[in-house]
Structure formats: C-alpha cells, structure tokens
Number of protein chains: 2
Amino acid sequence: MRITGKRISESTIHRLSLYFRSLGILEKEGYVTVSSKDLAQREKLTPAQVRKDLSFFGQFGTRGLGYPVVELRQQIAEILGINRKWNVALIGIGNVGSALVSFKEFIRQGFIIKLIFDNDQRKIGSFNKGIEVHDVTNLRQMLNKHNIELVIIAVPASVAQRIVDEVVDAGVKALLSFAPTNLRVPSNVTMRTVNMAIEMEHLSFHLTNENLYYTA
Amino acid sequence: MRITGKRISESTIHRLSLYFRSLGILEKEGYVTVSSKDLAQREKLTPAQVRKDLSFFGQFGTRGLGYPVVELRQQIAEILGINRKWNVALIGIGNVGSALVSFKEFIRQGFIIKLIFDNDQRKIGSFNKGIEVHDVTNLRQMLNKHNIELVIIAVPASVAQRIVDEVVDAGVKALLSFAPTNLRVPSNVTMRTVNMAIEMEHLSFHLTNENLYYTA
DNA sequence: GCATGTGAATTCATTCACAGCT
DNA sequence: AGCTGTGAATGAATTCACATGC
C-alpha cells in the first residue's frame, strides 16, 4: 500500500466497500475498464469523490482510459483486508445469531465463523450449520486457541458489556455488536454497532419531518 | 417543534437516537437533570456537540442547571417521531426476517409489524409470532388496506429492486433494506440499508491497517 | 458559580478545475 | 480527445469561547 500521510475517513472506507461491490458486478458484466464517472454513477457519487478516495491508496488508473476492473477490485480487496480469510467467533445464538450463521455473504467474503458460544445449556453442544455451540464460560481460552481475530456480539444488552470485556481481554481487536446498548472498548480496539432500532428511528424522523429544511 | 431554517444532518439524527437511549437509562437511574457534559461523556461526544444538536430543535435546558431528563427524552421522542405507533410490513421471512419479527426493541419503540409477506408457498398462511404470512403477489393492495407506512425489505438481492419498486408504487415513503445490493428509490422516499458484510469490511480494514495515519 | 445557547473559528470532507499522461 | 490525479476552493460538521440567564 502507498504511504500517504493522509488520514483515511470512515466514509472513505465505506465507499471502498461500495466500489468493491460495483466492480464485482462490472466484472461479471464483462467490463475491462471503468471510468470514475461510471463508477460514481452506479453509487450516486461524484467522479471526483471516487478518484479522491482511490488516490489515498495509490494510482490505479490510466489517464484517458480509466481503471482496470479486475485489478482495481483486487487492489480494493487488499486495502479492505478481504483478500484473505478471517477467523470469526459468534457469541449468542438467538434470533440474530442464527440469522448471521446462515448469511452466505460472510463466507463468500472470507469471514469464517469458527466458533459459536452461548450460555444456554440446551444449546451448548448442539450444532448450527455444522458449527458446534460452546459454553461461553470457556470464552477466553477458546478464542485464543482458535486464533479468533474478529468477534460478533449477538447477546442481550444486559450481558453485552461483560462479554465485550472478556473478548477484549482475550486480545481480540475487532468487534461487531448487535446489542442495542452502549458498549465501551479501549481505543486500540475497533467496534462497530448495528442497531436496527436506530435505523428505524431515522425513518420515522424523516416521515415525521418531511421537509428537512425548516423555513425561518 | 421550533422552526429553525437550519438543515438537520443525518449524523445529528443519529445522535438524537443515542441521546434518547442514554436519557432512558438516566431516567431509570433516577436522575432529574443532566448536563450536556454528562450526556456527552456517556456517548463519547463533546458537550458542545450535544448542545448544538439540541439547539436545532429548540431550547430544552436551563442555564446553570442542565436538561430535565424525562422532559428532554419526551421531546426527542417527538422529534424522532417515536411518540406514536407506526404500521410496519416485513417482506421476506427468511433468516433475517425471522430475527426481526422477534426483535423486542421494535415493539417497545412503537414499530408494529402488521404484515409479513413471502413468495414461498410453504410459508404463506403460516403464522410467525402471531402474524400471518401473506402472499407477496397481493403486496400493493394489502399495504394500502392496512395503512403501512414503513416497510422492511429482507428478501434476496436478486428480487429486491422489483419488490422495492412495488412498495414505492404503493405509496410507502420509508424503507429499511437488508438486501446486500444497491437499490434505487425516488428522492421523496427515504431508504436506509443495513449491510452486515460492509460492517465486517470496516473491521478487517482496521485490522489490516492498524495505524490509520500513514507517515509521509 | 454553573451550564446553556449560539455566532465565530476551526477542522474535516467534498468538489472544482486543470496539469499531465495515454 | 479522454480521463486520471491532485492541489486549491468550497462546503459541511464540529468545536471554541463567551454572553446570557438561573
């Protein structure tokens, strides 16, 4: 990766994911090159935005021609760190957890759920899509033993912080949480939260305040 | 609501949701007032940010004292439009859909799933948490008949755009999509997308590029 | 004294516009 | 001619700092 001195914003990372998906489609459609203009159109962005985002990481295009579809896709995969497999553990195999285990996109992208944990004795020992459910009390040693690098938290809000602390303690540096509560992690750990209630509130806000510009 | 002439950003709306949650906890903990400093600390924001966000909608605090917890929470509920019930339809009762039906937070917040749709004959007519699964071919008339204001899309990517078009056609102005694909809606319709693969890619990016500041 | 509310200042993100290469 | 790559300009979001009121 190119050394740049620039700070990469979260929105740039997000857009790289979008480009990655569009490039996959373009590849299937047989395109060899794509211009920033085309790519921007597909994602409802500006061409300048696309070029700027990519420029943080290097020079991938050819002036007058555009970007090579297959190669750029591979480069973005490298930047995003999805040109490899990641060992993932899922904690909590309730409704959300079960849905995640079946989420094919995860596997396709190299996020391999190696371990499932729960605290429900009826679930422990059972199998879910071929993966055994383990007792959450063995969390720390199991995470280390299986070199888990990424943990998905799908437990009730009431126990989420305790689980997060254990996971962080085990040395895991990346967490995805579905618990609808505020969780704390040290600054050297990345946590992302998916909160569906908050998404719904965005929608109800927009429905309630149809005109976003309030007149003075 | 106060008429302001200011544009409300998506991030402000997001933070209002966070404040709403923190105020709920503060209320349970018995707090009567809260300062912007306290609220900011709980959400890892700055006090100025909290005050600015609230100032877009009115003056809710008392100088020298802070904000009244119960009242401010109620005010934010009004702003977000969650001081009422919304009629919701869920389209697609696969893994994700099933998880959503069981998501208690939705009910608690007033998002009432009135209708479920699917195209699988084995599912149509069955009940899920007391809600009947309907044939998706009757989508439009059913949405209108039951005054559905908000639709959750939990169908495979391949059919998502077609379903979205029908939903928009039925006059629905707010959609939450879980389909991992780019969907288009007219500009007078709000759509939010939850893409778990993209969340995972953020994490793998951070794991891969531990030091976000690249040296020149 | 304490904490809000808000213009002004600053920081961060996006877009412009054009030099440079194919 | 066409399109990238990138400093400069613009625009948006956040933070500062202080006047205002309890």
Side-chain angles (χ1 to χ4, degrees), chain A residues 1-19 23 26 31-69 71-72 75-76 79 202 212-214 216, chain B residues 1-19 23 26 31-69 71-72 75-76 79 202 212-214 216:
Chain A
M1 183 183 311
R2 170 78 162 285
I3 289 164
T4 72
K6 301 271 164 108
R7 191 184 195 291
I8 310 303
S9 76
E10 291 293 309
S11 24
T12 292
I13 303 169
H14 184 87
R15 286 190 299 267
L16 288 179
S17 285
L18 301 180
Y19 304 151
L23 287 164
L26 284 161
Y31 286 87
V32 176
T33 58
V34 62
S35 67
S36 58
K37 194 181 158 201
D38 295 344
L39 209 43
Q41 239 155 23
R42 297 196 168 227
E43 299 296 341
K44 289 196 205 141
L45 302 167
T46 64
Q49 180 82 81
V50 173
R51 296 201 299 276
K52 181 68 86 178
D53 284 338
L54 296 175
S55 78
F56 291 136
F57 300 97
Q59 309 191 159
F60 306 111
T62 309
R63 288 162 200 235
L65 242 174
Y67 300 92
V69 170
E71 198 184 307
L72 180 60
Q75 297 268 17
I76 293 179
I79 293 165
H202 270 260
L212 270 182
Y213 294 91
Y214 302 102
Chain B
M1 185 184 308
R2 170 79 161 286
I3 289 163
T4 72
K6 302 271 164 110
R7 191 184 197 290
I8 311 302
S9 75
E10 291 292 309
S11 25
T12 292
I13 303 167
H14 184 86
R15 285 190 299 267
L16 287 179
S17 285
L18 301 180
Y19 304 151
L23 288 164
L26 284 161
Y31 286 87
V32 176
T33 58
V34 62
S35 66
S36 58
K37 193 181 158 202
D38 294 344
L39 209 43
Q41 240 155 23
R42 296 196 170 229
E43 300 296 343
K44 290 199 202 136
L45 303 166
T46 65
Q49 180 81 82
V50 173
R51 297 201 299 276
K52 181 68 85 179
D53 283 337
L54 296 175
S55 78
F56 292 136
F57 299 97
Q59 310 191 158
F60 306 111
T62 309
R63 287 161 201 240
L65 242 173
Y67 301 92
V69 170
E71 198 184 307
L72 180 60
Q75 298 267 17
I76 293 178
I79 294 165
H202 269 260
L212 271 181
Y213 293 91
Y214 304 102

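The figures that follow rest on heavy atoms only: side chains count, while hydrogens, waters and symmetry mates do not. Chain naming here is simple, since letters A, B, ... match the order of the sequence lines and numbering starts at 1 in each.
- Note on Tyr67(B): a side-chain N or O is less than 4.0 Å away from OP1 or OP2 of dG5(C).
- Rounded to the nearest 0.5 Å, atoms CG (Leu54(A)) and OH (Tyr67(A)) are 5.0 Å apart.
- For Lys52(B) and dA9(C), the NZ to C1' distance is 11 Å, given to the nearest whole Å.
- Residue contacts shown for Thr12(A) are absent, as no nucleic acid heavy atom lies under 4.0 Å away.
- For the pair Glu10(B)/His202(A), a side-chain contact is recorded, criterion being any heavy-atom separation below 4.5 Å from C-beta on.
- In this structure, Leu39(B) CG and Lys37(B) NZ are separated by 13.0 Å, a value rounded to the nearest 0.5 Å.
- When the C1' atom of dC3(D) is taken as reference, atom CZ of Phe60(A) falls 17 Å away, rounded to whole Å.
- As a whole-Å value, the separation of Ile8(B) CD1 from dA13(D) P is 10 Å.
- Residues Thr62(A) and Arg51(A) each lie close to DNA chain C; by heavy-atom proximity, the contact nearer the 5' end of the strand is made by Arg51(A).
- The NE2 atom of His14(B) sits 15 Å away from the C1' atom of dA13(D) (whole-angstrom rounding).
- Taking atom CD on Gln59(B) and atom P on dG7(C), their separation rounds to 11 Å, with Å as the unit.
- Interatomic distance, CZ of Phe57(A) versus CD1 of Ile79(A), reported as 5.0 Å (0.5 Å rounding).
- Contact check, Ser35(B) against dA3(C): no side-chain N or O comes under 4.0 Å of OP1 or OP2.
- Regarding Phe57(A), its CZ atom lies at a distance of 15 Å from the C1' atom of dG5(D), rounded to whole Å.
- Of the candidates dT14(D), dA13(C), dT6(C), dT6(C) carries the atom nearest the Ser55(B) side chain, counting heavy atoms from C-beta on.
- The residue among Leu45(A) and Gly66(B) whose nearest nucleotide of DNA chain C is located toward the 5' end is Gly66(B).
- Around the CZ atom of Phe60(A), the shell of radius 6.0 Å holds more than 12 heavy atoms that belong to other residues, nucleotides or ligands.
- The separation between Phe56(A) atom CZ and dT15(C) atom P is 12 Å, rounded to whole Å.
- In this model, no side-chain donor or acceptor of Arg63(A) finds a partner on the base of dT22(C) within 3.5 Å.
- Counting to the nearest Å, the P atom of dA13(C) and the CD atom of Gln49(A) are 11 Å from each other.
- Checking the phosphate oxygens (OP1, OP2) of dA13(C), no side-chain nitrogen or oxygen of Arg15(A) falls inside 4.0 Å.
- The side chain of Ser11(A) has dA13(C) as its nearest neighbour among dG5(C), dA13(C), dT15(C).
- OP1 or OP2 of dC3(D) has not a single side-chain nitrogen or oxygen of Ser36(A) nearer than 4.0 Å.
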